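First the structure, in the form of structure tokens, and then the observations on it.
Remember, predicted model here, so these are calculated numbers, not experimental data. We're numbering straight along the sequence, starting at 1.
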Amino acid sequence: MWIHKMYALSTEGIVSDAGKTYAFTVSRGKGSYTFHPVEVNTGKEENGYVELKLIDKQSLHAQFALNGAYYILSEMKKAETGEDD
């Protein structure tokens with residue numbers, strides 16, 4: 001019997017921008033969280049989850065944001081441009 005390990009994430013944890021698809025890893029600091037975009041390829045989608053094909057194999061054991069990818073990306077872009085709420 002052959003077992004193939006796959007990784008999946010909620011579709012809300014994935015966002016596309018400028019022709020690329022991203023998920024966000026999460027790291028916790030002193031009382032705050034930091035998100036880092038990780039480029040991914042996606043596979044099959046079913047029941048609100050999508051298969052992840054990680055481009056960066058170092059991310060295999062990282063913790064990922066389960067949802068809110070669009071919001072995280074928006075906040076990162078606002079920070080880059082210096083926009084306020």
Side-chain angles (χ1 to χ4, degrees):
M1 185 165 99
W2 184 67
I3 297 175
H4 178 70
K5 186 183 266 190
M6 292 189 342
Y7 300 92
L9 192 60
S10 164
T11 54
E12 294 180 14
I14 306 280
V15 66
S16 294
D17 183 52
K20 295 183 179 182
T21 304
Y22 299 95
F24 292 90
T25 60
V26 181
S27 57
R28 185 174 181 163
K30 295 180 181 181
S32 65
Y33 294 92
T34 304
F35 299 94
H36 303 278
V38 175
E39 187 177 351
V40 297
N41 289 324
T42 56
K44 295 179 184 179
E45 187 175 331
E46 186 175 324
N47 296 326
Y49 289 88
V50 63
E51 177 186 7
L52 290 185
K53 298 175 182 178
L54 298 171
I55 293 172
D56 174 12
K57 299 298 182 192
Q58 293 177 332
S59 299
L60 287 175
H61 302 289
Q63 289 185 318
F64 284 86
L66 300 179
N67 56 36
Y70 181 79
Y71 176 76
I72 295 167
L73 179 65
S74 295
E75 291 298 310
M76 289 178 119
K77 286 186 171 206
K78 282 197 308 189
E80 287 175 4
T81 61
E83 288 183 35
D84 291 329
D85 289 334

| message | Tell me every residue that passes side-chain hydrogen bond (donor to acceptor under 3.5 Å, both in side chains) with N67, counting only those two or more places apart in sequence or in another chain. | response | none
| message | Using the side-chain hydrogen bond (donor to acceptor under 3.5 Å, both in side chains) criterion, which residues pair with Y33? Sequence neighbours excluded. | response | R28
Closest approach of [X] and [Y], non-hydrogen atoms and distance?
X   : Y   : value
V26 : A65 : CG2-N, 3.4 Å
L9  : F64 : CD1-CB, 4.2 Å
S10 : Y49 : N-CD2, 3.5 Å

| Going only through I, L, V, M, F, W and Y residues with side-chain contacts under 4.5 Å, is there a path from L66 to L52? | yes
| Transitive ILVMFWY side-chain link V38 to I72, under 4.5 Å | no
Could you tabulate the donor-acceptor pairs under 3.5 Å formed by side-chain atoms of residues 39-46, not counting sequence neighbours?
none

| field | L73 and D17: CA distance, side-chain angles, deciding distance, side-chain contact (heavy atoms from CB on, under 4.5 Å) verdict | value | CA-CA 9 Å; L73 179 65; D17 183 52; 3.7 Å; yes
| Is K78 paired with E75 through a side-chain N to carboxylate O contact shorter than 4.0 Å? | yes
| task | Determine, stepwise, if the pair F24 / M76 fulfils side-chain contact (heavy atoms from CB on, under 4.5 Å). | result | CA-CA 11 Å; F24 292 90; M76 289 178 119; 3.5 Å; yes
| task | Verify side-chain contact (heavy atoms from CB on, under 4.5 Å) between I14 and T21, making sure each step is shown before the conclusion. | result | CA-CA 7 Å; I14 306 280; T21 304; 3.2 Å; yes
| Gap separating the OH atom of Y71 from the CZ atom of F35, nearest 0.5 angstrom | 9.5 Å
